[in-house]
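Each remark here refers to the structure printed beneath this line.
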Amino acid sequence: RLLGQLFEMYQFIVRLLFIFSSLCFFSLTGISGKSQILFALVFTTRYLDLFTIFISLYNSSMKIIYIGCAYATVYLIYMKFKATYDGNHDTFRVEFLVVPVGGLSFLVNHDFSPLEILWTFSIYLESVAILPQLFMISKTGEAETITTHYLFFLGLYRALYLVNWFWRYYFEGFFDLIAIVAGVVQTILYCDFFYLYVTKVLKGKKLSLPA
Amino acid sequence: EDTVPEKDEL
């Protein structure tokens, strides 16, 4: 569990590194603004419980950091460095994700209450939020190395949660079927990317797909 | 489902 959270932190650090390296080169080439908007929506709808329950100082501060980073990323892409954002290739129709995910969260949830539905929505949406980014890579056929590192850690942290959930079920009898199924879906969506990352990026090549 | 699992994960 700690490992999962450490990697979660790590993906945010990589994200920040990505932003800072972009600041240096004034370029956001290859990053999907739509995926980043979806992630901002994911963290906003999931962490509304900041106002209702307190788990630990760590938990609350990480939630605030996640929300802050998500909106900072969106701001940088659409406002500050709009000129270098490649919107022409970022053409995934997000309504095809948000509408079905919204519908599903009303139908399959733990409790039919506003906060619980929004939490379920965020879990489902997170599992597919990377699709605009993967679509963009498949469209342009390549990605900056820093983008691929960022995507790798974004995928890795949910994959590590799978280990955590197995552990918690085994030792604490705790499980949350919605989170587990969504986590499995999210990890599966990343598999193709993981394969490319290991076979290409780690061997020092820039990720580029055959035309 | 009758019980809502605790939300202690991020």
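Chain letters run A, B, ... following the sequence lines, proteins first, then strands; residues in each count from 1. Model, not experiment: these values are computed from the prediction.
- Using modelled atom types and a 3.5 Å distance limit, the side chains of A:Asn164 and B:Glu9 yield a donor-acceptor pair.
- A:Phe43 does not touch chain B: none of its heavy atoms, backbone or side chain, sits under 4.5 Å away.
- Checked for salt-bridge contact, A:Glu116 and B:Lys7 meet the test: a charged N lies under 4.0 Å from a carboxylate O.
- Proximity to chain B is limited to the side chain of A:Asp49, based on heavy atoms less than 4.5 angstrom apart.
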> Passes side chain to side chain contact (heavy atoms under 4.5 Å, CB included), A:Tyr58 versus B:Leu10? Steps please.
Replying inline: CA-CA 10 Å; A:Tyr58 168 81; B:Leu10 289 162; 4.1 Å; yes
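- Within a 6.0 Å sphere centred on CZ of A:Phe171, other residues, nucleotides and ligands contribute more than 12 heavy atoms.
- Summarising the geometry, atom CD belonging to B:Glu6 is positioned 6.5 Å from atom CD1 belonging to A:Ile55; distances are rounded to the nearest 0.5 Å.
- Counting heavy-atom neighbours within 6.0 Å of A:Tyr170 OH, excluding the residue itself, gives a total of 12 or less.
- Between A:Phe175 and B:Pro5, the shortest heavy-atom contact is O-CG, 4.0 Å.
- Within a 6.0 Å radius of CZ in A:Phe166, other residues, nucleotides and ligands contribute 12 heavy atoms or fewer.
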